[in-house]
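Just so it is clear: chains get the letters A, B, ... in the order the sequence lines come, proteins before strands, and each one is counted from 1. A quick note: this is a predicted structure, and the numbers were derived from the prediction, not measured.
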Protein chains: 2
Amino acid sequence: MITIKEIAKAADVSPSTVSNALNGKPNVSEKVRERIFALCEEMNYQPNPASKGLKSGKSKTLLFVFSDFDRQFYLQIIKGINQYTNLRGYDLLVCSAKTCSKFMHPSITCGSIILDRRVQDQLILQKASKDYPIISLDRPLKHQGAKSILLDNYSVMSELIEGLYHRGYRKFAFLAGVESTLDNQERYAAMAEVLRSHGLKIAPEHHLHGDYTEQSGYQAAKILLLSKQLPEIVVSANDDMAFGMIEAFRESGLRIPQDIAVTGFDDEKPAEALGLTTISVPNFERGYLATQHLINCIIGEGDFEPVTINARVAWRNGTVLKQLGSRSPKDQ
Amino acid sequence: MITIKEIAKAADVSPSTVSNALNGKPNVSEKVRERIFALCEEMNYQPNPASKGLKSGKSKTLLFVFSDFDRQFYLQIIKGINQYTNLRGYDLLVCSAKTCSKFMHPSITCGSIILDRRVQDQLILQKASKDYPIISLDRPLKHQGAKSILLDNYSVMSELIEGLYHRGYRKFAFLAGVESTLDNQERYAAMAEVLRSHGLKIAPEHHLHGDYTEQSGYQAAKILLLSKQLPEIVVSANDDMAFGMIEAFRESGLRIPQDIAVTGFDDEKPAEALGLTTISVPNFERGYLATQHLINCIIGEGDFEPVTINARVAWRNGTVLKQLGSRSPKDQ
DNA sequence: TTGTAGGCGTTATCAA
DNA sequence: TTGATAACGCCTACAA
C-alpha cells in the first residue's frame with residue numbers, strides 16, 4: 001500500500017506537506033500541490049481511513065443494523081435511511097447483528113440505527129451514549145443515548161378490528177407471530193380489547209401460532225382446517241403468514257373471502273395484487289425519520305424521548321367482504 | 001472513550017500487559033488477567049477497531065456494494081453472500097456506490113463484491129489487486145485482482161425464444177432495458193439471432209424501450225397500443241417492465257395471454273402469482289458463489305478468470321399460451 | 001511474568 | 001511555505 005510517506009519521498013517534501021496538500025490546506029504552494037496530486041494519481045495512492053479515524057475520532061458515517069434479508073419491506077426502510085443520510089452528507093454502512101458490535105464504535109461510525117431483533121438490548125445500552133447515539137426501531141428503551149422509534153400497533157389494530165366488526169364479522173381468529181415480541185403482543189392486545197368491548201372473544205382453537213414466515217402461516221391454516229368450526233376471518237400478525245394461509249385455504253377449496261376472510265399486517269408488495277386488506281406501515285418515512293433523529297442527536301440537537309409513528313389500514317376487497325351481513329355470515 | 005491505557009492505569013499494569021491479556025497471550029498471570037477482564041467489563045472498554053487494523057492491516061471483513069434498494073431480488077444475493085461469509089468466519093459490510101471508495105481499503109475490508117452499475121469500472125480497476133480482490137457481478141473486467149461473475153444471458157434467452165417459437169409465436173416485440181447495459185444487449189442479440197435463424201425479425205415499431213422500471217413498461221405498452229398491428233408476444237428485458245405492461249394491457253381491455261402474451265426476466269416474487277413466464281436467475285447461489293470466489297482469492301487460492309453462470313426459463317401459463325397454433329395466432 | 005519502546009498512517013502543532 | 005515532532009490506540013519485539 002502506498003502511504004503518504006512514499007508520496008512525500010517521491011515529491012521530495014515532508015509527509016506533513018503531502019497531508020496538507022491533500023486536505024486542501026492553504027499553506028502549500030501551487031507548484032508543490034500540483035506535483036503531489038500528480039504523484040498520488042500516478043502511484044495510485046489510497047488514503048487509509050483507519051488512520052484518519054484514529055487521530056480525528058470523527059467519522060460522519062452512520063451504521064444501519066439489520067439481518068432479516070427475507071423481509072422485503074426492509075428495503076424501503078434502507079431507502080429512507082439512505083436518502084436522508086445522503087441529504088445530510090453522511091455515509092451509510094449496513095451490517096448484520098452478528099458483526100455490528102465491532103462497527104458500533106466512534107472510530108468507524110458516529111451513530112447507529114438498529115432494526116434487528118437479534119441485537120441484544122444490553123449491547124445497545126452498552127454502546128449508546130450522548131457521543132454515540134443509537135436509534136432503535138420497534139424496541140422500547142429508556143437510556144441516555146438511545147432513542148426508540150415505535151409503531152403504534154395498538155391504535156391501527158383497533159381500527160382494523162373495529163372496521164371488520166362493522167362489516168359484520170363476528171367470529172375472529174388470530175394468527176400470532178413470535179409471541180415474545182412486543183409487536184405481536186400489542187397487535188393481539190388491541191384485537192382482544194376491541195372484541196371484548198363488543199362482547200366477543202377469540203375461541204381458544206382460533207388462536208393460531210406462527211413465526212412470521214409464509215410457511216408457518218401455511219401450516220397454521222392447515223391445522224385450523226382440522227377444527228370443527230372455522231372462523232369467519234383470520235387476522236394475521238403479518239402479511240407473509242397471511243400469504244401462506246391464503247395458499248392453504250385455496251388448496252383446500254375454500255373461497256376467499258366468501259368462505260373465509262384474511263387480513264395481514266405490513267402491506268408488502270404482493271398484498272396489493274392479492275387485494276389483501278392489511279396495515280400499511282410507512283417504512284420509507286420511518287427510515288428517513290430515524291436518520292433525521294440520529295443525525296440531530298449526533299450534532300447535539302436531539303433528545304432521547306421515544307417517538308411513536310402511525311400506520312394506517314389499507315382496506316382492499318380481495319380477502320375481506322365489504323359487508324358480511326351482521327348475523328348470517330355464511331350466506332354469501 | 002476508554003482505551004487500553006486507562007485500563008492499564010486502573011489495573012496498575014502496563015498497556016502491553018492489558019493488550020496481551022485481551023488477546024489471550026499466555027504470558028499473563030491468571031490473577032492479572034482476571035483483574036484486567038473485570039476492569040474492562042466495569043469500565044465498559046470497547047476496543048478501537050481502527051487502530052487494530054492500522055498495525056495488522058488485515059480485517060476479515062468483506063464489503064458488498066449495491067444501491068438499487070428497489071430491486072427485491074438483490075435481497076437474495078445478500079442472503080447468499082451473508083450466509084457464505086458467516087460460514088467462513090468473515091464479517092460483512094454493505095454500502096452504496098456513493099461511499100464505497102472509502103471502504104474499499106485493506107484497513108477496513110479485505111475484498112469486495114460489486115453489484116452496482118453506478119460504480120465506475122475505473123474505480124474497480126484502481127482498487128483491485130491480488131491483495132485486495134474484487135468480484136464484480138454482471139460486469140466483464142479483465143484485470144489481475146478483479147474477477148467477473150457473469151450471467152449467461154445469451155443461452156437462456158435463446159432457449160426462451162426457441163420455446164416461444166415452438167409454441168407457435170411468430171410476431172415478436174422486444175421491450176429493451178437501458179440500452180447501454182451489457183445485459184440488455186445480450187438479451188436482445190440472442191432474441192434477434194434465434195428469430196433470424198427462423199427467418200423472422202422484429203418489426204421496428206415492435207422494438208420498445210424502457211429503463212427497467214415498472215412505470216417505463218407501462219408507458220411502453222401504452223405506446224405500443226397506438227400502433228396499427230400488435231405483436232403476438234412482448235418479450236421484456238426484465239420483470240418489472242413486464243408487470244407495467246401487463247397492467248397497461250389489462251386496462252385497455254386486452255386479455256393476457258389470449259390477445260397478447262408477455263414474458264419477463266428475473267423471476268421476481270410477483271411473477272409466480274401472476275403466472276408470468278420469465279427467466280429465473282439463481283440469485284442466492286450467485287451471492288454465495290461470488291463470496292466463495294472472493295474468499296478464495298483473499299487467501300491466495302483463487303484465480304481471476306471470469307465465471308459464467310446459467311439461468312433457466314420458468315415456463316408459466318398465466319402470460320403465455322401453451323400452444324398458440326402455428327399459423328393462426330388469433331384464433332384462441 | 002511484566003514493562004519499555006517503536007511503529008502502523010495520518011493529522012495537528014509549532015518551529016524554521 | 002515547509003518540516004520536525006508528537007499524538008491517536010493498539011500490537012509486538014525485546015528487555016527486564
Side-chain angles (χ1 to χ4, degrees), chain A residues 1-37 39-40 43-61 101-110 131-132, chain B residues 1-37 39-40 43-61 101-110 131-132:
Chain A
M1 276 284 102
I2 301 295
T3 73
I4 229 172
K5 277 189 189 166
E6 322 195 34
I7 302 291
K9 205 169 291 170
D12 199 31
V13 293
S14 76
S16 4
T17 300
V18 177
S19 172
N20 286 330
L22 259 29
N23 290 303
K25 295 282 161 67
N27 57 346
V28 182
S29 70
E30 210 35 56
K31 221 190 258 177
V32 173
R33 187 185 303 277
E34 270 169 28
R35 188 147 40 99
I36 288 173
F37 272 88
L39 278 167
C40 286
M43 300 169 71
N44 192 21
Y45 165 72
Q46 311 284 347
N48 183 327
S51 350
K52 203 170 281 189
L54 236 201
K55 185 78 187 185
S56 65
K58 292 281 158 252
S59 57
K60 274 217 149 196
T61 301
S101 168
K102 181 162 135 196
F103 303 114
M104 291 168 70
H105 190 280
S107 70
I108 310 264
T109 55
C110 54
D131 293 329
Y132 192 87
Chain B
M1 274 285 101
I2 301 296
T3 75
I4 227 172
K5 274 189 191 167
E6 324 196 34
I7 302 290
K9 205 169 290 170
D12 199 32
V13 294
S14 77
S16 28
T17 301
V18 177
S19 172
N20 286 329
L22 258 28
N23 290 302
K25 294 284 160 66
N27 57 347
V28 181
S29 70
E30 211 35 59
K31 221 191 256 175
V32 174
R33 186 185 303 277
E34 272 170 26
R35 186 147 41 98
I36 289 173
F37 272 89
L39 278 167
C40 287
M43 301 169 69
N44 193 22
Y45 165 71
Q46 311 283 350
N48 181 328
S51 6
K52 205 170 278 188
L54 238 199
K55 184 80 186 184
S56 65
K58 292 281 158 250
S59 58
K60 274 215 150 200
T61 301
S101 169
K102 179 162 136 195
F103 304 114
M104 291 168 71
H105 190 281
S107 70
I108 310 262
T109 56
C110 54
D131 292 330
Y132 191 88

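An OP1 or OP2 oxygen of C/dG3 is reached within less than 4.0 angstrom by a side-chain nitrogen or oxygen of B/S14.
Residues from residues 21-34 of chain B lying near DNA chain C, meaning a heavy-atom separation below 4.0 Å, are B/N27, B/V28, B/S29, B/V32 in numerical order.
Rounded to an integer number of Å, the gap from CZ of A/R35 to C1' of D/dT1 is 12 Å. Rounded to a whole Å, the NZ atom of A/K52 is 5 Å from the P atom of C/dT11. For the pair B/M1 CE and D/dC10 C1', the interatomic distance rounds to 15 Å; values are reported in whole Å. For the pair B/K9 NZ and C/dG3 C1', the computed distance is 16 Å after rounding to whole Å. In this entry the distance linking CG of B/N20 with C1' of D/dG9 reads 15 Å, nearest Å. One can place CD1 of B/I4 at 19 Å from P of C/dC8, the figure rounded to the nearest angstrom. The CD1 atom of B/I7 sits 18 Å away from the C1' atom of C/dG3 (whole-angstrom rounding). Rounded to an integer number of Å, the gap from CD1 of B/I2 to P of D/dC8 is 14 Å.
Among the nucleotides C/dT10, C/dG3, D/dG9, the one closest to the side chain of B/N48 is D/dG9.
Contact detail for A/S51 and A/N48: the closest heavy-atom pair is OG-CG, 3.1 Å. Across all their heavy atoms, A/K52 and A/P47 have their closest contact at NZ-CB, 4.1 Å. Here the shortest heavy-atom pairing between A/A50 and B/S107 reads CB-OG, 3.5 Å.
Residues satisfying the side-chain contact (heavy atoms from CB on, under 4.5 Å) criterion with A/M43, sequence neighbours excluded, are A/I2, A/E6, A/I7, A/A10, A/L39. Partners of A/N44 under the side-chain contact (heavy atoms from CB on, under 4.5 Å) rule, at least two apart in sequence or in another chain, are A/Q46, B/Q126. For B/K5, the side-chain contact (heavy atoms from CB on, under 4.5 Å) partners are B/T3, B/P15, not counting sequence neighbours. Among residues two or more places apart in sequence or in another chain, the side-chain contact (heavy atoms from CB on, under 4.5 Å) test is passed with A/T61 by A/S59, A/D91, A/L93, A/T109, B/K102, B/F103. With sequence neighbours left out, B/D131 forms a side-chain hydrogen bond (donor to acceptor under 3.5 Å, both in side chains) with no residue at all.
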Donor-acceptor list for residues 24-36 of chain B side chains, cut-off 3.5 Å, not counting sequence neighbours:
residue, atom, partner, partner atom, Å
B/S29, OG, B/V32, N, 3.3
B/R33, NH1, B/A21, O, 3.3
B/R33, NH2, B/K25, O, 2.8
B/R35, NH1, B/A11, O, 2.3

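Looking at A/L22 and A/C40, their side chains come closer than 4.5 Å, going by heavy atoms from C-beta outward. A/V18 is not listed as a side-chain neighbour of A/Y45, based on a closest heavy-atom distance of 4.5 Å or more.
Note on the helix from C/dT1-D/dA16 to C/dA16-D/dT1: terminal axis deviation equals 50°, with five pairs used at each end and the result rounded to 10°.
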Please tabulate, one pair per line, each protein N/O and nucleotide N/O from nucleotides 5-7 of chain D that are separated by under 3.5 Å, including the distance.
residue, atom, partner, partner atom, Å
D/dA7, N3, A/K55, NZ, 3.0

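In terms of position along DNA chain C, the nucleotide closest to A/K5 lies nearer the 5' end than the nucleotide closest to the other residue of the pair A/S19 and A/K5.
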